[in-house]
Amino acid sequence: MIRVLVLNGPNLGRLGVRQPEIYGATTFPELAEHLRETGRALGLDVDVRQTNHEGEMLDWLGEAADEGLPVVLNPAAWSHTSIAIADAVAQVEMVVEVHISNVHAREEFRKHLVVSPYATGVIAGLGLGGYDLALTHIAATADVVDG
Ligand code: DQA
């Protein structure tokens, strides 16, 4: 079974409470459980994590690089600011960047994405369904690689 890390940056632990008009009513534990189920159906072992601490996220991305694990990443606010996260993402073979909201249709500062150039692909604006699409892509790509 292919192991996948689903890594979430700052404030995403407050899903369901934080600006539900933008991010929806589903809580982070509910999302995590849903993604583990999606993973099971796709034959993926999905490990869902969230941190508000940049160093911890850097360590997780290093783990993915060292172990060759595909990553689904919502860098949250770090998407717009963190060269350190961008540098870490550049070391990981497969990173699907996910944004719940359409960052291109929001404030100007959200249109500036420093991590995206190093991601394999980016999904934005499709709500929490973006995470499922990212996992579906990883499962399909891994199938191709496995033959
Ligand atoms: C976000 C968009 C970011 O601009 C914001 O800082 C977030 C969440 C999204 O999923 O839509 O925290 O990455």
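In this text, all values refer to a predicted model and were calculated from it rather than measured experimentally. When a ligand or atom number is given, it counts from 1 through the structure's own listing order. Position 1 is the first residue of the sequence; numbering continues from there.
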Engineer: Starting from atom 11 (O) of ligand 1, what is the nearest protein heavy atom, named by residue and atom, and what distance separates them?
Structural biologist: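 For this ligand atom, the closest protein heavy atom is S101 OG, 2.6 Å.
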Engineer: Taking both backbone and side-chain atoms of N74, is any N or O found less than 3.5 Å from an N or O belonging to ligand 1?
Structural biologist: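 Among all N and O atoms of N74, at least one is under 3.5 Å from an N or O of ligand 1.
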Engineer: Distance under 4.0 Å to a non-hydrogen atom of V103: what atoms of ligand 1 satisfy this?
Structural biologist: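 Counting atoms of ligand 1 from 1, those under 4.0 Å from V103 are 2 (C), 4 (O).
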Engineer: Output the list of atoms in ligand 1 that are nearer than 4.0 Å to some heavy atom of A77, sorted by atom number.
Structural biologist: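 So the atoms of ligand 1 that pass are 6 (O), 12 (O).
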Engineer: For the pair H99 and H80, name the ring-plane relationship: parallel under 30°, tilted 30 to 60°, perpendicular over 60°.
Structural biologist: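 The arrangement is parallel - the two ring planes meet at less than 30°.
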Engineer: Would you check whether R18 reaches within less than 4.0 Å of ligand 1, judged by its heavy atoms?
Structural biologist: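 It does; at least one heavy atom falls under 4.0 Å.
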Engineer: Compute the shortest N/O to N/O distance between L12 and ligand 1 and return yes if it is under 3.5 Å, no if not.
Structural biologist: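 Such a contact does not occur with ligand 1.
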Engineer: If you round to the nearest 0.5 Å, how far is CD of E56 from CG of L7?
Structural biologist: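 Separation between the atoms: 10.0 Å.
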Engineer: Any atom of ligand 1 sitting under 4.0 Å from a heavy atom of N11?
Structural biologist: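 No, N11 has no heavy atom closer than 4.0 Å to ligand 1.
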Engineer: Report yes if some N/O of H99 lies less than 3.5 Å from some N/O of ligand 1; otherwise report no.
Structural biologist: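 It does: an N or O of H99 is found under 3.5 Å from an N or O of ligand 1.
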Engineer: When rounded to the nearest 0.5 angstrom, what is the spacing between CG in L5 and CD in E63?
Structural biologist: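 If we round to the nearest 0.5 Å, L5:CG and E63:CD are 5.5 Å apart.
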Engineer: Near Y118 OH, under 6.0 Å, is it more than 12 heavy atoms from other residues, nucleotides or ligands?
Structural biologist: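 Incorrect, the count does not exceed 12.
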Engineer: Taking both backbone and side-chain atoms of V98, is any N or O found less than 3.5 Å from an N or O belonging to ligand 1?
Structural biologist: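 Such a contact does not occur with ligand 1.
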